[in-house]
J.: 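Just dropping this structure here.
Atom set for the values below is all heavy atoms of this structure, side chains included, hydrogens, waters and symmetry mates excluded.
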Amino acid sequence: MTATTPTISPDTIATGRRSQRIPLGWEMLTTAGIFLALAVVDLVLQPGLADLFQIGLLLQVALPAVLIASAQTLVALIRGIDLSVGGMFVVTNALTATWANHALGGGWTALAVVLLVGAGLGLVNGLLVTVLRLQPFIATLGTWTIFNGIALTILKTDGGAPSTALLNASLTEPLGIPLPIVMLVALLGAWRLLRGSRFGTQMIAVGSDEERARLNGTSVRMIKAVVYSLAGLLCAVAGIYAVGVTSTGTPTGGDAYILTSVAAVVIGGTSLAGGKGGIGLTVMAALSLTIISDIVAAMNLGAWVAVAASSGLLLVVVVLRSVVELMSQRRTV
Amino acid sequence: MSVVLPIARPRPGTLTALGLFVAILVVGTIVSSGFASASNLRQLVVFASFVGIAAIGQTFIIVAGGLDLSVPWVFAFGGIQLSMLTNDGMPGIAALILVVALGALIGAVNGFGVTWLKVAPIVMTLAVGGLVQAYLLAVGLLKSQGNSAPQIAQSLATSRWGQVPVAGVIWIVLAIAAAGLLQRSTVGRDIYASGASDVVAYLSGVNVRRTRLLTYVVGGAASAFAGIMLSGYLGSTYVDIGSPYLFSSIAAVVVGGASILGGSGTYWGTFFGALTLTALSAVLPLFHLSDAQLKIAYGLVILGGVWVSTAGSATVGRLRRRQRRHASD
């Protein structure tokens, strides 16, 4: 009866998840490599791009997509998915173009309220997921169309009249640096702070293994609700900024961001299975997709080339990653 | 060999979707007496058939534990490729069969990536959908002349036998075949098993890879065929024709009571889910609700339907357990 019981080392259990096989450092290197390679190609094609102002112009177009992809990253990190990012974008976008130009003095207070609205919409997702225990995919499938409907109620077609204060602010260059660059740096800085905080650790813990996180005393529901709210907040920043640079509101322009945000998350190397990745990776991937469109435009190729190239990049990246994982699995077995 | 499957019983999800559909019909008839008229119902069934047929594949895929985001582009591919082939002089029937087969091939690429390369379904189908979209944009540049839908697509989607629309008959025949395959065949049992737990299914001798691959093949063929039908109904094709069907094909499955995690759901649920969503968009204008409010109502029906059917399943489960306890006492 005293036969040795087979011991399962905690290590085997911990590494049981497929997504943990490629270390994060590798993802960082490959994503940065893709980004730099594309940037070099773009610079060779358009040498004039090596200028802070030109980069600012490029980022002006890219920033909403980058912010929305960052929102998707946060949700992916807790093993969720948010199909309503486009919806939160259009609601806050429509509000900025209409209500926020006169309400509460039409100034920054109104925009702060719009940010809160974005966080509130995210919180609705969070509550559907945590309190009603709906699958994130289903909950946000429902709120996606609800938010789109709300946006269309606020603003029927493209248009609206944003406040001049916002328009001017969107074109400012603090210390000679174009605003989108400043915002991008701020986004990355905020992410580093968040990731390094107690909250960041708990977030990764929830995404890695919800049950263990709960046993360790993490309030899983609270973390999830806050993460969905933060995603809403980021979408609201994107919604406000898009009004600022295009000077109109677009109540129907959100759907295009949903799948591209997922693509950027995946190309960057953040795992949809949760617990691994970060906004830094996603930012590089989202910018890579922007550069692809820029290169295609510079070479006067048809729009289909950009679609093919970005989908092809997604396919190549995920297939290579899978092949590497499958091979490393074979080696360890 | 007769195997009594627990899945042959009507599920709470199917009943929820059926109940929602009947409720909408009743409300519609109260508000406008002509709502349930033959011509109106015919219109409703024809329009629901496009979602319903595309959702055959989505049901199979979701029940087996996957997801297909390439639906809108394969959908558009169906109509555009068919009109290109018939413009080049290919006979209608041959072109139709070829296009559905090509749709199945696109589905097979999805399935290959998901099963053999182990890429997440969302990602694989997103990438393949993007490549199909790029192809459609590229051929759209080459062939700028009007993309009118060919005769065969138009007659499939718009002709009638007496009062009965052909599109509705096609849908019901396909529905019976799909439900039969899913609920009364070994393939169907393998699909449920793969979706419930791929490890357990594998250890029980189910060829999980082949089963899942098959669901994606069905999905590609179904989307391409549904796209052909819609192009025939509208009389023309364009690249974005399938855009609403990403949302609605998933929504029909979900309203029909399937779990997005796989392993549960029926095609009849999806069938009534498709009818419910279509009837909803027909009934809301009677209340003078705008397109915006329609979108909001859609979302509420999805969330409510899912919540009711999951809560319903939980209640039924509880009741059955209690019954069993009483029986054993």
J.: Taking atom CG of Leu152(A) and atom OG of Ser290(B), what is their separation to the nearest 0.5 Å?
T.: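 Atom-to-atom, Leu152(A):CG and Ser290(B):OG are 8.0 Å apart.
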J.: Apply side-chain contact (heavy atoms from CB on, under 4.5 Å) to the pair Ile146(A) and Lys295(B), showing each step before the final yes or no.
T.: CA-CA 6 Å; Ile146(A) 293 177; Lys295(B) 282 176 190 281; over 6 Å; no
J.: Can you tell which of Thr153(A), Asn148(A), Leu132(A) has the highest number of heavy-atom pairs within less than 4.5 Å of chain B?
T.: Leu132(A)
J.: I'd like to know which of Ala151(A), Ala263(A), Gly142(A) tops the heavy-atom pair count under 4.5 Å against chain B.
T.: Gly142(A)
J.: For chain A, which candidate among Ala297(B), Ala292(B), Gly130(B) shows the most heavy-atom pairs at distances under 4.5 Å?
T.: Ala292(B)
J.: Please classify the contact of Leu128(A) with chain B as side chain, backbone, both or neither, using a heavy-atom distance under 4.5 Å.
T.: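 Side chain of Leu128(A) only, per the 4.5 Å heavy-atom cut-off to chain B.
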J.: Using non-hydrogen atoms only, which part of Leu134(A) is less than 4.5 Å away from chain B: side chain, backbone, both, or neither?
T.: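 For Leu134(A), side-chain heavy atoms alone lie under 4.5 Å from chain B.
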J.: After noting the C-alpha distance and the side-chain angles of Val119(B) and Arg321(A), does the key distance pass the side-chain contact (heavy atoms from CB on, under 4.5 Å) rule?
T.: CA-CA 9 Å; Val119(B) 177; Arg321(A) 204 177 282 150; over 6 Å; no
J.: Name the member of Leu294(B), Leu300(B), Leu261(B) that forms the most heavy-atom pairs with chain A at distances under 4.5 Å.
T.: Leu261(B)
J.: Show your reasoning for whether side-chain contact (heavy atoms from CB on, under 4.5 Å) applies to Ile250(B) and Phe137(A).
T.: CA-CA 10 Å; Ile250(B) 300 173; Phe137(A) 189 91; 3.7 Å; yes
J.: Side chain, backbone, both or neither: which part of Leu141(A) has a non-hydrogen atom closer than 4.5 Å to chain B?
T.: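 When you check distances to chain B, atoms from both the backbone and side chain of Leu141(A) fall under 4.5 Å.
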J.: Compare every heavy atom of Trp304(A) with every heavy atom of Ala134(B), then report the nearest pair and how far apart it is.
T.: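 That would be O-CB, 3.4 Å.
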J.: Which region of Val318(A), side chain (C-beta onward) or backbone (N, CA, C, O), has a non-hydrogen atom less than 4.5 Å from a non-hydrogen atom of chain B, or is it both or neither?
T.: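 Both parts, backbone and side chain.
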J.: Kindly compute the distance separating OG (Ser311(A)) from OH (Tyr135(B)), expressed to the nearest 0.5 Å.
T.: 15.5 Å
J.: Just so I know, are the side chains of Ile296(B) and Thr145(A) near enough to count as touching, which here means a heavy-atom distance under 4.5 Å?
T.: no
J.: Heavy-atom pairs under 4.5 Å with chain A: which of Val132(B), Val301(B), Leu67(B) has the most?
T.: Leu67(B)
J.: Where on Ile81(A) is there a heavy atom nearer than 4.5 Å to chain B: the side chain, the backbone, both, or neither?
T.: side chain
